[in-house]
Amino acid sequence: MSTRIAFLKGHGTENDFVIVPDPENALDLPPAAAAALCDRRAGIGGDGLLHVVRSAAHPEAKEMAAEAEWFMDYRNGDGSVAEMCGNGVRVFARYLQRAGHATEGDLAVATRGGVKTVHLAKNGDVTVGMGRALLPEGDVEVSVGERSWPARNVNMGNPHAVAFVADLDHAGDLYLAPPFRPATAYPDGVNVEFVVDRGPRHVAMRVHERGSGETRSCGTGACAVAVATARRDGADPAVTGTPVTYTVDVPGGTLVITEHPDGEIEMTGPAVIVAEGEFDAEWLEGVLV
């Protein structure tokens, strides 16, 4: 008999993930395996893979085990490793709650971007402490076709280029990564957000996620957009001493982002588990041949 491996499927504002519980880190999931599982036609389908591992069992997370029992070993849809995924953390926490590893209230989750604090609310929303944004110096420009825009360089544990545009359609189809200049600004590639205003402290965005293409939502991207918009609007909580909150519409829903005077950023939004099942280990082994 072939080995059956459990999986779940979940999404946060339609940023969707294949979830593979593997507490003892017993599964071999190289990039090709992650890409195969995320394939929407030949696999299960998702923007990324959430590999659920106890921190103590993973070499990249052992040092965080005292702070967080669980490590989110996150992979992009193409199988590449990512430092952080904000929507993914919310869905990861929702899985831990469903599996009985967490309850309503606060939870610590280890990621490659550090330990993140998560709050599971009674109303179903999940709030994630996303850390502080870094704003590297230097001019950046992104382009789509004949159009080009200046972009704000924001790092949320992963790199972002935030461009304000007149119309979200100007972003094009976002199948391919928008070119950027200078090349030295993002040696490992970048997530690119295109942003329009919707009202006071209310914006909408589309995003090309590095390694995944256009996605329905990007949590770290929404945080980067909120910070870039606040600075454009002349709002800096570190200067005013007052938190600033932006509503960020994404194609898959709405996220609420708050930046506090100490620089800490919180993101609140939904997280849903939609299905669970099993896949055949022999199928996955066949893909890797």
Side-chain angles (χ1 to χ4, degrees), residues 11-15 84-91 93 113 116-119 121 123-136 140 142 149-171 174 178 190-210 214-271:
H11 76 91
T13 49
E14 298 182 12
N15 197 185
M84 174 59 183
C85 176
N87 288 319
V89 172
R90 297 202 320 279
V91 174
K116 304 302 178 184
T117 300
V118 181
H119 181 79
N123 68 357
D125 279 347
V126 182
T127 298
V128 181
M130 298 290 287
R132 295 174 172 83
L134 298 178
L135 299 172
V140 177
V142 299
W149 303 269
R152 188 68 187 253
N153 189 348
V154 183
N155 194 292
M156 287 297 308
N158 57 357
H160 296 268
V162 180
F164 295 94
V165 299
D167 190 317
L168 289 179
D169 286 342
H170 292 170
L174 289 183
V190 64
N191 305 287
V192 182
E193 288 80 27
F194 297 89
V195 187
V196 296
D197 289 296
R198 289 285 188 248
R201 296 195 175 178
H202 185 182
V203 295
M205 62 174 263
R206 289 177 62 199
V207 58
H208 176 96
E209 283 199 64
R210 177 185 57 170
E214 181 171 18
T215 59
R216 301 283 293 170
S217 180
C218 175
T220 55
C223 293
V225 163
V227 171
T229 307
R231 299 304 181 272
R232 182 205 64 177
D233 294 346
D236 185 346
V239 174
T240 64
T242 302
V244 60
T245 297
Y246 279 83
T247 297
V248 181
D249 293 336
V250 295
T254 297
L255 295 166
V256 177
I257 314 298
T258 298
E259 185 181 10
H260 295 276
D262 63 0
E264 288 292 327
I265 297 169
E266 291 183 335
M267 175 183 64
T268 299

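Keep in mind the model is a prediction, meaning the values are calculated, not measured. Note that the numbering runs from 1 along the sequence shown for the chain.
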Review point. When you check the gap from the basic side-chain N to the acidic O, do E193 and R206 get nearer than 4.0 Å?
Key: no
Review point. So, does R90 use its side chain to make a donor-acceptor pair with the main chain of P270 at under 3.5 Å?
Key: yes
Check your understanding: Shortest non-hydrogen contact from T258 to P243?
Key -> CG2-CB, 4.1 Å
Study note, to complete from the structure: V128 and G86 have their tightest heavy-atom pair at CG2-O, 4.4 Å
Practice item. Evaluate the side-chain proximity of E209 to E214: yes if any heavy-atom separation is below 4.5 Å, no if none is. Key: no
Check your understanding: Got a second to check how far F164's CZ is from D197's CG, nearest 0.5 Å?
Key -> 7.5 Å
**Study point:** D233 side, atom CG; R201 side, atom CZ - distance, nearest 0.5 Å
**Key:** 8.0 Å
Practice item. List the atom of N87, the atom of G12, and the distance in Å for their closest heavy-atom pair. Key: CG-O, 3.7 Å
Point to revise | Non-hydrogen atoms of P136 and N153 that approach each other most closely | key: CD-O, 3.3 Å
Point to revise | Set of residues satisfying ring pair (Phe, Tyr, Trp, His ring centres under 6.0 Å) with respect to Y246, sequence neighbours excluded | key: none
Point to revise | Which residues share a salt bridge (Lys or Arg N to Asp or Glu O under 4.0 Å) with R231, sequence neighbours left out | key: D236, E259
Review point. Counting distance only, does the side-chain N/O of H208 pair as donor-acceptor with the main-chain N or O of L174 below 3.5 Å?
Key: yes
**Study point:** Interatomic spacing from CE in M130 to CE in M156 - rounded to 0.5 Å
**Key:** 5.0 Å
Check your understanding: Between N155 and G157, is there a donor-acceptor pair closer than 3.5 Å when you use the side chain of the first and the backbone of the second?
Key -> yes
Review point. Less than 4.5 Å apart, any side-chain heavy atom of V196 and any of D167?
Key: no
Practice item. For residues V165 and V195, determine if any side-chain heavy atom of one lies less than 4.5 Å from a side-chain heavy atom of the other. Key: no
**Study point:** Rounded distance [0.5 Å steps], NE2 in H202 versus OG1 in T254
**Key:** 6.0 Å
**Study point:** Gap separating the SG atom of C223 from the CG atom of L255, nearest 0.5 angstrom
**Key:** 8.0 Å
Review point. If every non-hydrogen atom of M267 is compared with every non-hydrogen atom of I257, which pair is closest and at what distance?
Key: CG-CD1, 3.5 Å
Review point. Between atom CG of D125 and atom OG1 of T268, what is the distance when rounded to the nearest 0.5 Å?
Key: 6.5 Å
Review point. Does a side-chain heavy-atom distance below 4.5 Å link R216 with V250?
Key: no
Review point. Going by the angle between their ring planes, with limits at 30° and 60°, are W149 and F194 parallel, tilted or perpendicular?
Key: perpendicular
Revision key, fill the gap. Checking P251, S217, C218 against V207 for side chain to side chain contact (heavy atoms under 4.5 Å, CB included), the one that qualifies is C218
Revision key, fill the gap. Nearest heavy-atom approach of M84 to V89 is CE-CG2, 3.5 Å
Practice item. Taking N191 for its side chain and P159 for its backbone only, find out whether a donor-acceptor pair lies under 3.5 Å. Key: yes
